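Report on the structure given below.
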Amino acid sequence: MEISRHLQNIRPSYIREILSAAKSPDVISLAGGLPATELMPVQLFAKALQSIVDDTDLFQYGETQGYAPFLRYIDETYNQSSGMSSVVCNGSQQGLDLIARAFLNPGDKVVVEAPSYLGALQIFGLAQADILSVNQTPAGPDLMELESVFTLYKPTLFYAVPDFHNPTGVCWSLEVRKSVAKLCQHYGVTFVEDIPYRDLRFAGKALPLVSSFYKEKSVVLRSFSKISAPGIRLGIVSASSDYLTPMIKVKQVSDLHTNIPMQAALMHVLKDKEFTQHKASICSSYKQRYRELKKTLSVLDGNGCCFDEVDGGMFVWLKLPDIDPMVLANMLIKRGVAVVPSSVFYNEEHKVPPALRLNFTHSSLANFEVAIDKLRQELESISASVK
């Protein structure tokens with residue numbers, strides 16, 4: 001049996017593959033978007049799971065849309081407007097897949113930022129969409145370029161990560177958020193807002209969701225992986241019923257429903273009075289780790305490297321001199337350091353600037369100095385070889 005044609009054109013996830021190597025105790029991983037294992041609220045989950053064991057109805061088949069009390073909690077917590085509702089997914093990654101399968105036909109135009117989240121590029125590629133990239137600025141997407149793409153190509157949707165973008169860490173300004181909403185509204189483009197890192201802010205003030213300025217044709221993807229535990233695989237897609245109903249139909253075909261007992265357990269965790277302190281502790285720890293990585297990266301100042309500061313999230317986007325980032329990443333993994341090269345975050349047709357995505361939330365503070373010193377050595381080795 002042959003592999004389907006649309007799957008043959010999908011590149012495997014470099015990040016998922018590098019994580020296998022990064023699990024070795026001899027490797028310092030700055031690669032995956034992993035939360036700190038030691039900060040996961042394991043005890044809160046233990047208490048939550050114990051509290052639901054006697055509710056046998058939770059262990060039966062459930063509704064495709066999700067566990068009703070959990071959905072009510074989501075509506076109340078996020079102040080969802082009238083006409084908006086949610087479906088619970090196996091992580092927000094499945095939510096993105098539901099969007100693509102429900103609304104994209106082969107050849108439909110989809111706009112993404114350049115660079116963009118690798119998982120989104122794979123999903124849109126699997127849907128055989130025509131992916132159009134818009135360059136990113138420190139404040140968000142290039143608005144003139146975005147309007148030009150909207151005008152010329154009339155895309156179906158615009159997918160973006162406005163809060164602590166993956167991979168660059170950029171957080172859109174308020175002006176850009178309002179402008180993007182106006183452009184999407186003017187050109188009738190659906191806006192898909194992915195916000196897995198929004199709760200990981202450790203500096204500055206939270207800004208309104210882009211979708212809050214364009215509620216009628218927006219879809220919001222929320223993840224609980226970054227603030228609780230990624231292994232539970234729970235996420236939320238929120239949208240109007242016009243958008244949600246087709247996605248629920250796809251999910252019925254796909255997996256019937258998401259794990260009901262885990263939805264109930266997560267609701268208990270999120271409502272626990274200790275969870276607010278848990279989130280504050282995460283942000284405090286990540287702020288400390290970011291500051292340590294930032295200090296350590298100063299040793300690269302003389303090697304043609306630079307990065308823009310971030311106010312939250314999980315990543316630093318380290319811009320490199322004119323070298324092949326994939327070659328550098330392969331050299332580093334041989335020396336026990338895992339990073340992600342910029343090339344995996346771009347559409348194949350796009351010119352890729354040399355950069356590395358560095359994660360600061362998973363590795364220990366002590367490992368940053370070791371990892372960055374090895375990076376410095378490899379950069380100097382490359383520089384010496386071309387002189």
Side-chain angles (χ1 to χ4, degrees), residues 6-7 9-20 22 29-35 87-104 108 110-134 136 156-170 191-198 200 219-227 229-237 247 250-251 254-255 258 313-315 317 329 338-348 350 352 355-359 361-362:
H6 62 278
L7 184 58
N9 295 324
I10 302 300
R11 291 179 295 171
S13 171
Y14 178 92
I15 297 170
R16 302 306 305 173
E17 293 186 346
I18 198 69
L19 285 179
S20 297
S29 178
L30 305 182
L34 278 64
V87 58
V88 185
C89 303
N90 294 308
S92 60
Q93 180 75 12
Q94 188 193 37
L96 190 55
D97 182 53
L98 295 180
I99 293 168
R101 292 168 66 188
F103 299 106
L104 294 179
D108 281 354
V110 171
V111 181
V112 300
E113 295 172 275
S116 188
Y117 169 49
L118 171 59
L121 295 177
Q122 289 182 307
I123 283 175
F124 297 142
L126 196 62
Q128 302 179 67
D130 186 3
I131 302 173
L132 308 171
S133 299
V134 172
Q136 192 184 65
T156 300
L157 62 85
F158 175 30
Y159 165 83
V161 185
D163 288 288
F164 314 123
H165 177 264
N166 179 5
T168 65
V170 163
F191 183 64
V192 178
E193 185 167 22
D194 198 356
I195 55 170
Y197 312 101
R198 184 173 171 83
L200 300 183
V219 182
V220 180
L221 296 162
R222 289 185 171 88
S223 171
F224 299 101
S225 296
K226 314 306 181 187
I227 59 172
I232 65 174
R233 305 309 305 131
L234 288 178
I236 295 286
V237 182
M247 285 189 271
V250 174
K251 187 168 172 60
S254 176
D255 65 1
T258 298
M314 291 185 158
F315 308 113
W317 186 247
V339 297
V340 185
S342 54
S343 51
V344 307
F345 301 106
Y346 286 86
N347 211 13
E348 290 182 353
H350 200 283
V352 178
L356 298 176
R357 191 192 74 175
L358 306 179
N359 169 267
T361 61
H362 183 66

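These figures come from a predicted structure and were not determined experimentally. We number each residue from 1, following the sequence as shown.
- Minimum heavy-atom separation, W317 to S342: CH2-CB, 3.4 Å.
- In terms of heavy atoms, A100 sits closest to I123 at CB-CG2, 3.5 Å.
- A donor-acceptor contact shorter than 3.5 Å is absent between the side chain of S223 and the backbone of G91.
- Closest approach of T361 and G313 over heavy atoms only: CG2-O, 3.9 Å.
- Between the OG atom of S225 and the CG atom of L234 there is a distance of 8.0 Å, given to the nearest 0.5 Å.
- Within the 4.5 Å cutoff, the side chain of Y346 has no heavy atoms near those of the L121 side chain.
- The one candidate from F164, Y197, F345 that meets the ring-ring contact (aromatic ring centres under 6.0 Å, His included) condition with F315 is Y197.
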* To do: Show your reasoning for whether side-chain contact (heavy atoms from CB on, under 4.5 Å) applies to D97 and Q93.
  => CA-CA 6 Å; D97 182 53; Q93 180 75 12; over 6 Å; no
* Quick one: do K251 and T258 satisfy side-chain contact (heavy atoms from CB on, under 4.5 Å)? Show the steps, please. => CA-CA 9 Å; K251 187 168 172 60; T258 298; 2.9 Å; yes
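- The distance from atom CE of M247 to atom CG of L98, rounded to the nearest 0.5 Å, is 7.0 Å.
- Looking only at distances, a side-chain donor or acceptor of N347 sits under 3.5 Å from a matching main-chain atom of I131.
- If you take CG on D130 and CZ on F124, they are separated by 12.5 Å, rounding to the nearest 0.5 Å.
- Smallest separation of non-hydrogen atoms from Q136 and V170: OE1-CG2, 3.5 Å.
- In terms of heavy atoms, V110 sits closest to A129 at CG2-CB, 3.8 Å.
- A heavy-atom distance below 4.5 Å is found between the side chains of L96 and Y159.
- A donor-acceptor contact shorter than 3.5 Å links the side chain of H165 to the backbone of P115.
- Taking the side chain as every heavy atom from C-beta outward, L104 and L157 approach each other to under 4.5 Å.
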* Asked: Going through the distances and angles, do Q94 and R233 end up as a side-chain contact (heavy atoms from CB on, under 4.5 Å)?
  -> CA-CA 9 Å; Q94 188 193 37; R233 305 309 305 131; over 6 Å; no
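- Of all heavy-atom pairs spanning S92 and L221, the tightest one is O-CD2, 3.9 Å.
- Looking at heavy atoms from C-beta onward, P167 lies out of side-chain contact with V340 at the 4.5 angstrom threshold.
- Between the side chain of R357 and the backbone N or O of A31 there is at least one donor-acceptor pair closer than 3.5 Å.
- Side-chain atoms of P35 and M314, non-hydrogen and from C-beta on, do get closer than 4.5 Å to each other.
- Residues P196 and Y117 are not in side-chain contact: their nearest non-hydrogen atoms beyond the backbone lie 4.5 Å or more apart.
- Proximity of S254 to R101: side-chain heavy atoms (C-beta onward) are separated by under 4.5 Å at one or more points.
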* Residue pair V220, V237: steps toward the side-chain contact (heavy atoms from CB on, under 4.5 Å) verdict -> CA-CA 6 Å; V220 180; V237 182; over 6 Å; no
